[in-house]
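Here's the structure we're looking at; comments come further down.
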Amino acid sequence: VEVSPPHGPGRGATPNRRLGDVRGVSVPSPPGRRARLSAAVTSRLSSAAREELRRRLLGLIEGHRVVIFSKSYCPHSTRVKELFSSLGVECNILELDQVDDGVSVQEVLSELTNQRTVPNIFVNKVHVGGCDRTFQAHQSGLLQKLLQDDPAYDYDLIVIGGGSGGLSCAQEAAVLGRKVLVLDFVVPSPQGTSWGLGGTCVNVGCIPKKLMHQAALLGQALTDSRKFGWEYSQQVKHNWGTMTEAIQNHIGSLNWGYRLSLREKTVAYINSYGEFVEHHKIKATNGKGQETCYTAAKFVVATGERPRYLGIQGDKEYCITSDDLFSLPYCPGTTLVVGASYVALECAGFLAGLGLEVTVMVRSVLLRGFDQEMAERVGSYMEQQGVRFLRKFVPVVVQQLEKGSPGKLKVVAKSTEGPETIEGVYNTVLLAIGRDSCTKKMGLEKIGVKINEKSGKIPVNDVEQTNVPYVYAVGDVLEGKPELTPIAVQAGKLLARRLFGGRLEKCDYVNVPTVVFTPLEYGCCGYSEERAVEVYQKENLEVYHTLFWPLEWTVACRDNNTCYAKIICNKLDDDRVIGFHVLGPNAGEIIQGFAAAMKCGLTKQLLDDTIGIHPTCAEVFTTLQVTKASGLDITQKGC
Amino acid sequence: MHQAALLGGMMRDAPRYGWEMAQPALHSWRKMAEAVQNHVKSLNWGHRVQLQDRKVKYFNFKASFVNKHTVCGVLKGGKEILLSAEHIVIATGGRPRYPTHIEGAVEYGITSDDLFWLKESPGKTLVVGASYVALECAGFLTGLGLDATIMIRSIPLRAFDQQMASLVTEHMAVHGTRILKGCMPLRVEKLPDGQLQVTWVDLASDRRDMGTFDTVLWATGRVPETRSLNLEKAGVHTDPHTQKILVDAQDATSVPHIYAIGDVAEGRPELTPTAVMAGRLLAKRLCGRSSDLMDYDNVPTTVFTPLEYGCVGLSEEAAVALHGEEGVEVYHAYYKPLEFTVPERDASQCYIKMVCLRNPPQLVLGLHFLGPNAGEVTQGFALALKCGASYEQVMRTVGIHPTCAEEVSKLRISKRSGLDPTVTGCG
């Protein structure tokens with residue numbers, strides 16, 4: 001189809017809505033600050049904004065069968081709309097006079113199509129032209145041909161990886177009427193563990209972790225309960241098998257639920273390993289080694305990460321990782337946890353809570369990237385609960401002394417600061433030193449998708465697009481994004497809506513709350529104190545903090561100076577809260593609402609003005625008075 | 001005591017999580033009461049120490065007004081002390097109301113003032129009333145393994161969102177509390193064996209019924225402690241109906257230098273943290289340190305029933321009354337806490353609802369959360385409401401997985417849509 005010459009009226013439009021406002025999605029601004037004026041109102045677009053708009057328009061054009069750029073008062077536009085309506089074809093219509101950046105849209109459109117006027121019609125990504133051209137195409141039969149679905153590809157979308165991000169993207173795309181395939185294949189761990197649909201979170205992450213954490217908390221509850229008048233004479237023991245079976249049953253039901261949900265939404269699911277072979281084409285290899293190829297217009301890489309090994313003698317042979325722990329058929333016994341990531345500390349925490357002897361070997365700092373004051377407090381509570389920490393050591397060799405379930409392993413470790421080596425004997429060695437992206441064996445190089453060679457992560461722009469335009473990525477494989485289930489779910493869903501639903505909302509990676517489910521839970525949102533100082537300078541910050549004593553701990557006679565609350569405020573911006581940290585029971589439940597408040601521009605004054613809910617732990621944030629700078633005592637006096 | 005009851009629930013869960021106990025645990029009221037009372041006594045002591053540290057003079061006596069600037073106190077020996085002050089703050093609170101018109105009520109019944117100080121288990125208990133006090137007491141008594149019945153004349157948790165209130169009582173019934181709705185006690189008699197025989201009437205059928213209990217607990221409301229204050233001598237006005245002290249926005253009574261705060265003041269929420277903050281702000285104003293007034297809007301609160309109910313902002317009824325059915329959009333969800341899955345606990349009443357304005361940006365007017373740790377969940381959202389949160393802003397907040405609170409940030413189903421609000425899976 002030739003590019004049509006200019007025709008029709010091209011008067012300026014009255015800007016009253018932005019392109020982004022199709023369904024009332026607008027960028028929020030904190031109260032008390034004036035919303036920034038849309039830069040798109042004038043036609044003087046920065047090159048970045050122009051590029052951005054261009055991509056949006058292309059997205060709109062690529063994501064819909066028929067797109068009409070129109071003006072609500074234009075009679076030619078009306079005729080075209082009527083034509084498609086008479087053909088029974090659903091159109092995606094953008095009225096340029098009803099969006100704020102209509103002028104800019106028109107400008108970018110004219111660059112794309114060499115046509116400045118409206119209506120401007122695209123059918124199945126092909127630029128048809130204006131009103132006359134469209135009617136001509138209708139008469140010649142070309143329009144009908146164009147309207148037939150693009151037959152070139154088997155699918156509109158293939159998602160590689162059936163975890164939180166991949167599934168949410170696939171399902172949303174299917175809801176929007178697209179033909180979608182999900183490829184999911186779990187490569188067994190070196191110990192032979194594999195699992196069902198749903199990815200890390202459901203099978204070997206958040207879900208079993210939180211349930212084992214809950215089991216450990218119940219152990220604490222049993223101890224507390226005596227102080228609250230509950231009487232039971234016998235010694236209570238924990239049965240690993242009962243717990244694991246119950247948890248695995250729950251996971252099994254979730255796997256099943258995902259499969260059902262895919263079927264209901266008519267998403268095709270194949271339990272095969274996906275590998276790009278050429279542009280728009282992927283080879284799927286199933287467990288029996290049978291290969292089938294599929295093509296698609298668009299791809300989403302959501303393959304996530306798997307635990308890293310040390311690369312020392314005996315690690316893959318004898319050590320386990322979090323991939324194995326949650327379905328371990330026997331109690332791990334005396335355990336060495338290697339690493340200080342949140343996975344390491346969470347696993348060490350609940351194993352100790354279940355009554356096992358646990359040692360954590362830490363190369364340098366705890367919870368790298370988190371607020372270090374909080375991290376140390378997390379660690380010291382764990383120590384108090386009987387977890388042993390070996391700081392500044394790394395394992396160099398793991399040997400098997402005895403086979404069994406569990407067996408006996410000898411670990412030799414050397415100091416990171418000198419020639420000193422130590423040895424220890426454990427039943428189980430759990431590696432939790434980090435995770436590697438699953439991006440290296442899937443043929444990304446064949447189609448030219450760039451990855452960070454060192455980390456294996458995939459760099460994307462702010463619409464989760466890789467350097468190859470039809471390939472997108474979500475979830476833990478993304479470079480520089482938080483590795484969290486809800487983020488992946490949100491990113492996947494919004495990506496599908498942008499690709500196929502004409503929506504523009506992007507995933508918001510700012511002020512993402514997160515919680516570490518250590519024996520004493522640690523929740524945070526926004527900046528760590530270190531990072532805040534780096535960004536805003538110490539003199540511009542005020543840190544408020546306090547220790548607190550949960551009411552439930554008083555009667556249980558648990559320590560009164562362990563739980564801790566801290567907020568970091570920016571003095572230059574109305575004491576806005578830019579970092580929020582809580583260490584205490586139910587930190588996860590506490591922090592969610594505060595994260596929402598931070599989205600709305602939470603300030604210290606607003607915290608002070610809010611009434612506490614009595615008696616809770618969360619209320620402590622409404623009465624924070626002591627600043628760190630003051631050096632005043634924050635310990636709570638006991639009885 | 002609620003925590004003691006929750007621990008009982010956890011002990012029932014524990015075997016499913018692998019904790020092996022030969023026999024189910026039994027509860028000793030005596031032990032719990034002693035531990036709770038010891039903690040309360042330590043708090044009493046702490047308050048006295050704090051007053052001393054801050055050089056506040058404290059008298060342990062019952063005070064009453066002599067005139068606008070003078071109060072009189074009677075010491076133990078009968079000696080009278082007169083104290084005068086420039087400003088006087090009345091913060092005498094309230095005490096549980098006895099239904100004196102019911103025969104045997106005062107003689108044989110107890111109130112929450114007594115319950116927490118009982119040395120021995122109350123045994124089989126009838127709780128009369130539908131206030132949060134009534135529901136909370138009946139709830140934890142059931143949780144401690146006692147036979148508890150609650151008798152409600154009309155509706156539970158008046159002034160709270162009524163859909164939430166009925167879910168709360170529905171859960172209590174499932175949890176084992178016997179609920180007698182639409183009933184009113186007529187008489188309490190003591191039987192020769194020491195048990196209390198209660199006669200009540202079913203208001204709908206006018207049928208009379210009887211039951212025996214070890215304890216009858218009145219939780220039918222509270223009376224402000226104003227009668228013995230001789231308020232008329234100072235000229236302080238009270239509401240003739242509620243007997244609470246009439247106050248203005250500055251917390252001043254009809255006498256400008258006499259103030260009233262907390263439960264004794266008319267029209268104030270009966271909540272500790274509001275009283276604390278009102279007191280603090282009043283002191284600052286009296287010292288000329290600030291002119292800030294107490295903001296009684298969007299006060300969050302939590303009812304510690306077996307399944308906790310936290311709320312902030314408007315109930316659905318209040319929002320509709322204010323903005324009309326067409327002006328309000330309600331988003332809601334029935335969810336299942338992850339921790340409930342392994343022990344196969346019933347989650348039928350775990351429910352969240354967010355009441356919003358219907359027009360964009362859909363300002364959040366109220367949040368109602370029924371589930372574990374509701375107090376902890378609600379506090380942060382109270383802040384969000386204070387910040388003027390819109391529905392979209394809450395939805396754009398990334399959830400914390402896996403928690404109950406994250407369900408709030410995933411409320412996608414509006415009541416108006418009529419779609420099934422049951423959350424399935426993690427998506």
Side-chain angles (χ1 to χ4, degrees), chain A residues 24 28 31 168 206-207 210-211 214-215 218 221-222 224-225 227-232 234 236-239 242-243 246 250 257 261 485-487 489-490 508 512-513 515 552 554-555 586 588-590 592-597 599-602 606 609-614 616-619 639, chain B residues 3-4 7 10-11 13-14 16-22 25-29 31-32 35-36 39 42 272-274 277 295 299-302 338-339 341-342 360 373 375-384 386-389 393-394 396-406 425-427:
Chain A
S168 86
C206 322
I207 299 295
K210 180 92 189 280
L211 288 172
Q214 175 69 5
L218 288 174
L222 289 176
D224 284 1
S225 64
K227 306 271 189 193
F228 281 88
W230 291 99
E231 293 176 336
Y232 50 97
Q234 348 52 48
V236 179
K237 278 189 76 181
H238 189 261
N239 184 324
T242 308
M243 171 187 72
H250 176 61
S261 158
T485 290
I487 274 281
V489 169
Q490 182 114 327
D508 184 353
V512 173
V515 170
E552 296 76 10
T554 57
V555 168
N586 299 306
E589 306 295 356
I590 292 172
Q592 185 72 68
F594 288 100
K599 271 260 177 288
C600 309
L602 181 64
L606 284 161
D609 291 346
T610 301
I611 307 279
I613 299 177
H614 194 60
T616 62
C617 292
E619 67 175 323
C639 313
Chain B
Q3 176 67 6
L7 286 168
M10 292 183 213
M11 295 176 85
D13 285 356
R16 309 298 289 270
Y17 278 93
W19 293 102
E20 291 179 340
M21 304 169 73
L26 290 173
H27 190 258
S28 156
W29 176 277
K31 257 186 163 170
M32 172 191 70
V36 170
H39 176 64
S42 83
T272 294
T274 52
M277 193 182 279
D295 176 5
V299 172
T301 187
T302 295
L338 177 64
E339 292 73 14
T341 56
V342 165
N373 300 304
E376 307 294 0
V377 172
T378 309
Q379 183 73 72
F381 287 102
L383 258 306
K386 199 103 188 158
C387 297
Q393 280 172 320
V394 177
R396 285 166 61 98
T397 307
V398 174
I400 297 169
H401 193 61
T403 62
C404 295
E406 72 172 324
C426 289

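Every chain is numbered from 1 and lettered A, B, ... according to where its sequence line falls, protein lines coming before strand lines.
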Between B:Ala14, B:Pro300, B:Gly375, B:Ala22, who has the most heavy-atom pairs with chain A when the cutoff is under 4.5 Å?
B:Pro300

In chain order, what residues pass the side-chain contact (heavy atoms from CB on, under 4.5 Å) check against A:Asp609, with sequence neighbours excluded?
A:Gln605, B:Lys386

Counting only non-hydrogen atoms closer than 4.5 Å, does B:Met277 touch chain A with its backbone (N, CA, C, O), its side chain (CB onward), both, or neither?
side chain

Select, from B:Asp13, B:Val299, B:Leu338, the one with the greatest count of heavy-atom pairs under 4.5 Å involving chain A.
B:Leu338

Tell me whether A:Glu589 contacts the main-chain N or O of B:Thr403 through its side chain, where contact means a donor paired with an acceptor under 3.5 Å.
no

I'd like to know which of A:Asp224, A:Ile611, A:Leu218 tops the heavy-atom pair count under 4.5 Å against chain B.
A:Ile611

Can you say whether B:Thr301 sits under 4.5 Å from chain A via the side chain, the backbone, both, or neither, judging by heavy atoms?
backbone

Side chain to side chain contact (heavy atoms under 4.5 Å, CB included) between A:Cys617 and A:Ile590, intermediate numbers included:
CA-CA 8 Å; A:Cys617 292; A:Ile590 292 172; 3.8 Å; yes

Report the distance from atom OG1 of A:Thr242 to atom OH of B:Tyr17, rounding to the nearest 0.5 Å.
13.5 Å

How many angstroms lie between CG in A:Leu222 and NE2 in A:His238, if you round to the nearest 0.5 Å?
10.0 Å

Answer yes or no: is there a donor N or O on one side and an acceptor on the other, between the side chain of A:Gln592 and the main chain of B:Ile400, under 3.5 Å?
yes

Pairs of heavy atoms under 4.5 Å with chain B: top-ranked of A:Ala246, A:Ser261, A:Ser225:
A:Ser225

Among B:Ser28, B:Ala35, B:Ala382, the residue with the most heavy-atom pairs under 4.5 Å to chain A is B:Ser28

Determine whether A:Ile613 and B:Pro273 make a side-chain contact, defined as any pair of heavy atoms from C-beta on separated by less than 4.5 Å.
no

Leading residue by heavy atom contact count with chain A [cutoff under 4.5 Å; candidates B:Lys31, B:Met32, B:Glu376]
B:Glu376

Best-contacting candidate, B:His27, B:Met11, B:Glu20, B:Arg16, against chain A by heavy atom pairs under 4.5 angstrom:
B:His27

Residue from B:Val394, B:Asp295, B:Asn373, B:Thr378 scoring the most non-hydrogen pairs under 4.5 Å with chain A is B:Asn373

For A:His614, ring-ring contact (aromatic ring centres under 6.0 Å, His included) partners two or more places apart
none

Could you tell me which of A:Gln490, A:His250, A:Glu619, A:Lys227 has the largest number of non-hydrogen atom pairs under 4.5 Å with chain B?
A:His250

